[in-house]
Amino acid sequence: MAAENIKVAVRVRPFNKRELKKGAKLIVKMRNNQTILVDPSDNHKPKTFTYDYSFWSHDGSVTGEDGYLTKDSESSKYIEQKDIFNELGSKLLDSAIQGYNGSLFAYGQTGSGKSYSVMGDHKNRGIVPRICSELFRRLDRKNEKGVQNEITISMLEIYNEKIRDLLESRTRGHNLHIRNHPKRGFFVEGLFKATVWNGQDLLVKIADGEKQRTIAATKMNDHSSRAHTIVGINISQTKVKEKMTVLSTINLVDLAGSERSKQTESSGTRFEEAVNINKSLLTLGNCISALCHQASSGKNQHIPYRDSILTSLLMNALGGNSKTVMLAAISPDSENYEQTLSTLKYADRAKSIKTKAEVNRAETNKILADMIGEKERLLKELEDLKANTKFGLSDEELRKMKEEQEAEIREYKDRITDMEKAYKKKLSEAETKMQQMADKEKAIEREMREFPHLINVNEDPALTGKVIHILYPKRECSVGNNRDKNVVPDIVMNGPGIAKHHARIVCKDDGKVRIEQLDGLVRHNGQEILKRTRVRHLDRLMFGTTNLYILIEPRKKGELDVTWEEAQAEVAKHSGFDFGSEDALLAQEAMVLYKAVNDANIIADELGINIKLYLLLVAPELRGGDVSQRSECCVHAKDSEEGIEYVWSKSEFLDRQAAMRSAYEEWEQSNTLPSAENGPWFDDRPQMVGIGNIPLQYLAHLFEFVGEEVVLLDFTGQQAGFIRVDINPDVPQTLKDSVNDPIDLLKNKLTLSIHVLQALSIPERFTNTWCKYKFYKEEVQTNTSPGSNPKFDHTSTFKIHSVDRQFIDYLTDSNLYIEVWGDQKKISSRHSLPAQSSRQEVEEIKQILED
Ligand SMILES: Nc1ncnc2c1ncn2[C@@H]1O[C@H](COP(=O)(O)OP(=O)(O)OP(=O)(O)O)[C@@H](O)[C@H]1O
């Protein structure tokens, strides 16, 4: 058993519609197995990386009649789905049939093409569906005598460190746990493994799992880019005679978007202890680093596999018994330079990781072994019976014995036949089920050609088109959630903002579709509908905040090519949220946040959490930053009842939002309200009270800055109080009291004392306050000690031995930003409802309040 390196491949995708529209700049080149990344700002030389494979899928393709993307000419470098399978999937499959475990994981930022390579779409099938169809074909081709094959499949999702079974309805919605087996390593306890009988069956199971993923993702939108999906295909080949089974597993892993692999800024908060959105990806990075270090130093390292669910389950794939392939998906667009560079570096490190794959032989599994054992025992007894000639017995005794033996033989034969019948029955049941499913699918396809229908659109394009609701003529369809088991609507939707009686859709006998909003919010092409509205071919309908559908009318022309982003932009625009084209990046950022804030507000409302969130555009000077920096989108959270407020950066809010959605899902499934003290809505860290801005020009002329009350502005630009600061220059003896021209300071010795005296009129919610500031080239902020009055009486002295031009420029052009920070008052009960109360209680309380 020799150690071999993980195979690393990089694939670059084509520009998407948005990138083409804005005239995106291509920054990736490939030459043989090299990938070259060009810095769009020209600050650095192009970076060259060498991998096992560099797959060019950016251009040089044409779409065939069947929708399959293929090379547009003989000379095209375009690598199509079939090529990817041939290079990566096919080898893993062959090794698995030989008995080696295989793993493939796809890494890359959201939208870089991971799912496209791993799963693909209907017309451009990815590695997983190709492995499914090929597996049985290759096993049949191998056609070893006396070998029984058994194939099972499992499919799971890891989201926020929780495992969900995507194949089994009984455990669906429950969290599964991992266990450590002394020989096999970590496994998921109770994970459903479906036995499959042929390639088609395997594909049906995967489609089932994808459907489950779609339901979760439709409900909680950003789900897919934060979840890891693992498809496990287990191959067991039993040599009946030798009673020996060769077992192997292929794990195909579609990882969450790699932009999540950064450490969040919220470190140290209670929220982070409760929420683990990034943990698996962070730990994967740590494991790869440690393995890489181990390979280069030759010394054993501690590899932190056990720190996350993902790495525990991928332990073999990363450093153990597996042949492993990493596929890094990258975007070609200059806008994603940083992310692409980080993906390429990640892939580069992964190259040095070694695994040791070995053929897994085990004693044949118990049931099969019992069956084979029993059969052999019976056959032997048959032989014995036939050969039985006992001496010294009377004829009568012999006849009786023979009769008994013959009866036994018949019984044994019957039992063998029964066993075989049972096996055949199972096989035929599976075939019938598959046939039924295929028939159902055909029927739906037929109906889709005849009747108007709604098709889902998801943020993850791979999940678009997976949910279909047919609208039959002359029928009214109710839309709503199914929380009340007594009122099940015709079309069930779940997720934030979906009401029990949400809307009604009517399809007339002429096939014209109209929609009416009841208790829930419905937006038609981005606009809230106020009266019964006619919906036409390719119109968008958004139910609540996450359920987006497109209406398709039969026999109408036009492709379903609306993206999630376009539909969101439409909603934002109609909500009076339009930045124009001044700052496209900021506008896009604001749009994403606007929607997310909306979503989070609805969730808080439904969970009875008394916090309202607002989108906030923070100018750089309000963050103490350089005015040449961009404005930034932040989120302002207010608990008006308790009088506390927080401001979160975009990335921190998005992490919190994911946790809010998780809490919401948990509440939907198990009626458990999030606990008040450490949920994502609460933040016990110090908050900035405000920032005071002192121009330093005075000092350049050696004037004192004394006793002035400087206004403190909070993030929203509102006055949050005052701060009193004195700054005294110690005039050098060589100069007079003041200087007309600051240049006169040159080469003089200068001492400045900064006295931070006190803050005034700051909001009552702050108990303990202190100040932070940075003077000139100081690397660390100076912190005053906390004062409760709030009096600081803080002094620090800065000595410049010989003033230079840079310092004079600093004084004449810059400001000193003094930030006042504070702890907020503690809150006795942060929840408007008791924690852990059930949904029923919530409903009852709501009812009482309404009455
Ligand atoms: N090689 C390719 N050729 C053609 N289209 C591609 C290719 N790779 C990706 N795409 C397209 O780019 C879009 C984004 O790809 P995909 O959904 O696979 O990204 P992802 O990295 O899986 O994102 P997420 O993390 O959100 O799941 C899809 O519309 C997909 O069809």
Side-chain angles (χ1 to χ4, degrees), residues 9-20 24 28 30 53-64 67-72 76-85 87-88 104-129 157-159 210 213-214 216-218 220-231 252-261 277-278 280-281 326-333 336 339-340 343 346 457-466 559-566 592 654 658:
V10 169
R11 185 182 199 189
V12 58
R13 64 159 170 79
F15 282 136
N16 60 30
K17 229 163 83 178
R18 189 182 62 80
E19 290 160 348
L20 285 174
V28 179
M30 285 180 174
Y53 307 92
S54 286
F55 293 130
W56 182 260
S57 300
H58 177 68
D59 59 9
S61 69
V62 63
T63 310
Y68 181 69
L69 273 168
T70 179
K71 295 175 179 50
D72 63 1
S76 167
K77 290 193 295 175
Y78 184 79
I79 299 289
E80 48 190 76
Q81 294 286 68
K82 194 170 58 175
D83 305 329
I84 299 275
F85 169 74
E87 292 294 350
L88 307 180
L104 178 137
F105 55 100
Y107 182 88
Q109 79 180 103
T110 299
S112 58
K114 297 181 294 295
S115 311
Y116 183 82
S117 293
V118 176
M119 290 294 184
D121 55 39
H122 237 53
K123 294 164 184 161
N124 292 275
R125 300 189 314 148
I127 296 174
V128 171
E157 180 180 77
I158 305 172
Y159 181 72
E210 281 279 282
R213 224 161 65 78
T214 316
T218 307
M220 292 287 159
N221 214 295
D222 107 315
H223 195 97
S224 84
S225 60
R226 284 170 192 264
H228 313 280
T229 315
I230 306 184
V231 176
L252 302 150
V253 189
D254 191 356
L255 292 170
S258 58
E259 63 280 16
R260 317 277 186 223
S261 65
I277 288 293
N278 297 346
S280 273
L281 263 189
M326 171 177 173
L327 176 65
I330 56 172
S331 146
D333 181 12
N336 296 319
Q339 274 299 330
T340 302
T343 301
Y346 208 92
V457 177
N458 195 272
E459 190 186 15
D460 182 348
L463 300 180
T464 290
K466 292 275 163 74
E559 280 276 309
L560 190 164
D561 67 347
V562 178
T563 63
W564 172 259
E565 289 75 23
E566 283 165 350
V592 172
L654 289 178

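Numbering of ligands and ligand atoms starts at 1, following listing order.
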J.: Please report whether the ring centroid of Phe105 lies less than 6.0 Å from that of His228.
T.: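 His228 vs Phe105: aromatic centres not under 6.0 Å.
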J.: Can you sort out which atoms of ligand 1 are near Ser112, meaning under 4.0 Å from one of its heavy atoms?
T.: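 Answer for ligand 1: 19 (O), 20 (P), 21 (O).
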J.: Measure the OG1-CD distance between Thr229 and Glu157 for me, rounded to the nearest 0.5 Å.
T.: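 Atom-to-atom, Thr229:OG1 and Glu157:CD are 5.5 Å apart.
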J.: Tell me whether Asp254 has any N or O atom under 3.5 angstrom from an N or O of ligand 1.
T.: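 Min N/O separation from ligand 1 is not below 3.5 Å for Asp254.
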J.: Is the closest heavy-atom distance from Met119 to ligand 1 below 4.0 Å?
T.: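 Judged by the 4.0 Å heavy-atom criterion, Met119 does not count as contacting ligand 1.
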J.: Should you measure from each heavy atom of Ser115, which atoms of ligand 1 turn up under 4.0 Å away?
T.: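 Numbered from 1, ligand 1 contributes 18 (O), 20 (P), 22 (O), 27 (O).
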J.: So is Gln109 close enough to ligand 1, meaning a heavy atom under 4.0 angstrom away?
T.: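 Within the 4.0 Å threshold, so yes.
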J.: With rounding to the nearest 0.5 Å, note down the distance linking CD in Glu87 to OH in Tyr53.
T.: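 Output value for this atom pair is 5.0 Å.
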J.: Ignoring hydrogens, just give me the one of Gly113, Ser61, Gly108 whose non-hydrogen atom is nearest atom 19 (O) of ligand 1.
T.: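 Among Gly113, Ser61, Gly108, the closest heavy atom to atom 19 (O) of ligand 1 comes from Gly113.
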J.: Show which atoms of ligand 1 fall inside a sub-4.0 Å distance from at least one heavy-atom site of Ser57.
T.: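 Heavy-atom distances to Ser57 below 4.0 Å select 1 (N).
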J.: Arg13 to ligand 1: N or O pair under 3.5 Å?
T.: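 By distance alone, the answer is no.
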J.: Using distance alone, determine whether Pro14 and ligand 1 share an N or O pair under 3.5 Å.
T.: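 In this structure, Pro14 places no N or O atom under 3.5 Å from an N or O of ligand 1.
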J.: Can you tell me if Asn16 contacts ligand 1 (heavy atom of the residue under 4.0 Å from the ligand)?
T.: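 The answer is no, since Asn16 has no heavy atom less than 4.0 Å from ligand 1.
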J.: Tell me whether the rings of Phe15 and His58 are parallel (<30°), tilted (30 to 60°) or perpendicular (>60°).
T.: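 Geometry flag for His58 against Phe15: perpendicular rings.
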J.: Ligand 1 versus Tyr78, non-hydrogen atoms closer than 4.0 Å: side chain, backbone, both, neither?
T.: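 The answer is the side chain.
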J.: NZ/Lys123 to OH/Tyr68 distance, rounded to the nearest 0.5 angstrom?
T.: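 Nearest 0.5 Å value for the NZ-OH distance: 14.0 Å.
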J.: Do Tyr116 and ligand 1 have an N or O pair less than 3.5 Å apart?
T.: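 For ligand 1, there is an N or O atom that lies under 3.5 Å from one belonging to Tyr116.
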J.: Quick one: pull up CD1 in Ile330 and CD in Gln109 and give me the separation to the nearest 0.5 Å.
T.: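 Separation between the atoms: 10.0 Å.
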J.: Measure from atom 26 (O) of ligand 1 to every heavy atom in Thr110, Ile330, Asn458, Asn124 and give the option owning the shortest one.
T.: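 It is Thr110 that holds the nearest heavy atom.
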J.: Can you tell me how far apart NZ (Lys71) and CD1 (Ile79) are? Round to the nearest 0.5 Å.
T.: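 One finds 5.0 Å between NZ of Lys71 and CD1 of Ile79.
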J.: Atoms of ligand 1 less than 4.0 Å from Leu69 heavy atoms?
T.: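 With Leu69 as reference, the close atoms of ligand 1 come out as 4 (C).
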J.: By side-chain contact (heavy atoms from CB on, under 4.5 Å), which residues pair with Thr63, not counting sequence neighbours?
T.: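 Thr63 satisfies side-chain contact (heavy atoms from CB on, under 4.5 Å) with Leu69 only.
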J.: Would you give the length of the straight line joining atom CZ of Arg125 to atom CZ of Phe85, rounded to the nearest 0.5 angstrom?
T.: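 Answer for the CZ-CZ pair, Arg125 versus Phe85, is 9.0 Å.
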J.: Kindly confirm or rule out an N or O of Leu255 lying under 3.5 angstrom from an N or O of ligand 1.
T.: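 No - when backbone and side-chain N and O of Leu255 are compared with those of ligand 1, no distance drops under 3.5 Å.
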J.: Under 3.5 Å, is there a donor-acceptor pair linking the side chains of Ser112 and Arg13?
T.: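 There is no such pair (donor and acceptor under 3.5 Å, judged by atom type) between the side chains of Ser112 and Arg13.
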